[in-house]
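Nothing fancy with the numbering, it's 1 onward along the sequence. Reckoned from all heavy atoms, side chains included, excluding hydrogens, waters and symmetry mates.
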Amino acid sequence: TKFVASLLYNLGRVITYALIGAVTGLLGRSFSLFGFQQGFSVVMGILIIGFVMLPRLGNFLGNVPALHVFFEKLRARIGSLYFKKNFRSVFLIGMLNGLLPCGLIYMALAVSMTMGTAWHGSLFMAGFGMGTLPVMWSVAFFGGFINMNIRRKIRRLYPYLMVLMACLLII
């Protein structure tokens with residue numbers, strides 16, 4: 001059913017976010033151990049504001065050949081899973097989709113890096129993923145009823161949310 005498929009897809013996404021959050025939390029731990037936690041948080045906040053104000057800064061990541069190849073292979077794998085049409089493939093699509101580039105994910109990962117431990121980074125990212133469930137389910141079940149004008153207005157909120165989170169990091 002559509003509900004079970006959506007549940008599995010989102011579970012896969014949240015698991016991937018939690019795993020990546022553990023890695024970024026662990027990276028942030030090294031900054032914490034050396035007493036750079038507060039400064040690191042401020043730098044991450046400034047970087048997020050920089051990427052929002054100057055979106056072309058983010059384009060340099062797309063020009064890194066190894067990343068470009070990785071994301072192309074990832075998209076191809078996701079595409080091949082769409083044809084399988086079973087619950088396992090839906091779960092795997094969710095897990096792999098959690099690896100695709102997204103500005104809001106980058107922002108959340110920057111925050112998880114400031115958490116200082118793998119556990120806290122993982123919990124933060126799992127919470128972030130769970131927080132996106134209402135929107136993801138709304139799109140899955142009611143997306144056909146939301147016109148493009150409303151979608152554009154929602155997308156316009158992203159930069160403001162990112163700047164708000166960046167300010168919290170700086171504070």
Side-chain angles (χ1 to χ4, degrees), residues 9-75 78 93-139 146 148-171:
Y9 169 81
N10 284 294
L11 178 64
R13 217 173 34 83
V14 170
I15 288 171
T16 296
Y17 292 164
L19 292 171
I20 295 171
V23 171
T24 56
L26 192 60
L27 287 172
R29 174 87 177 134
S30 63
F31 289 102
S32 179
L33 289 174
F34 293 107
F36 299 126
Q37 183 76 21
Q38 187 175 11
F40 181 66
S41 182
V42 170
V43 168
M44 293 306 287
I46 291 170
L47 282 174
I48 290 170
I49 291 172
F51 281 109
V52 169
M53 300 299 193
L54 304 165
R56 292 184 186 173
L57 288 176
N59 291 341
F60 77 91
L61 286 177
N63 293 330
V64 176
L67 285 177
H68 183 71
V69 169
F70 172 76
F71 289 126
E72 285 303 314
K73 287 183 179 184
L74 185 61
R75 286 184 184 101
I78 290 170
I93 289 169
M95 286 194 80
L96 294 175
N97 248 356
L99 297 172
L100 289 175
C102 168
L104 291 176
I105 301 298
Y106 294 153
M107 183 248 346
L109 287 171
V111 174
S112 75
M113 206 177 275
T114 66
M115 295 286 122
T117 69
W119 175 246
H120 289 120
S122 181
L123 282 178
F124 177 82
M125 286 305 294
F128 171 82
M130 298 290 278
T132 64
L133 287 178
V135 171
M136 296 298 286
W137 276 333
S138 296
V139 169
I146 301 172
M148 287 306 290
N149 191 30
I150 293 172
R151 290 179 194 199
R152 274 189 231 113
K153 287 179 182 178
I154 292 170
R155 276 192 217 115
R156 287 186 194 140
L157 289 175
Y158 291 169
Y160 297 105
L161 294 172
M162 292 175 75
V163 168
L164 175 67
M165 190 59 94
C167 289
L168 290 174
L169 281 171
I170 292 169
I171 291 171

- Item | Sub-4.5 Å side-chain heavy-atom contact between L100 and R75 |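 The answer is yes; the side chains approach within 4.5 Å.
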- Query: Are C167 and I170 side-chain neighbours, meaning at least one heavy-atom pair lies under 4.5 Å?
  - Reply: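 Of all side-chain heavy-atom pairs linking I170 with C167, none is under 4.5 Å.
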Reported [atom1]-to-[atom2] distance for the pair [X] and [Y], which is rounded to 0.5 angstrom:
X	Y	atom1	atom2	result
L11	M130	CG	CE	8.5 Å
L164	I49	CG	CD1	10.0 Å
L99	F70	CG	CZ	5.0 Å
T24	F124	OG1	CZ	9.5 Å
I15	M125	CD1	CE	13.5 Å

- Walk me through it: do N149 and K153 pass the test side chain to side chain contact (heavy atoms under 4.5 Å, CB included)? CA-CA 6 Å; N149 191 30; K153 287 179 182 178; 3.9 Å; yes
- Message: Show, in sequence, the C-alpha distance, side-chain angles and deciding distance for R13 and T132, and conclude whether the side chain to side chain contact (heavy atoms under 4.5 Å, CB included) test is met.
- Response: CA-CA 10 Å; R13 217 173 34 83; T132 64; 2.9 Å; yes
What closest approach, in Å, do [X] and [Y] show between heavy atoms, and which atom pair accounts for it?
X	Y	result
S122	A18	OG-O, 3.1 Å
G131	P134	O-CD, 3.4 Å
Y17	G129	CD1-CA, 3.7 Å
M95	T16	O-OG1, 2.7 Å

- Query: Do any N or O atoms from the side chain of S112 and from the backbone of L109 form a donor-acceptor pair under 3.5 angstrom?
  - Reply: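 Yes, the answer is positive, given that a donor and an acceptor are paired below the 3.5 Å cut-off.
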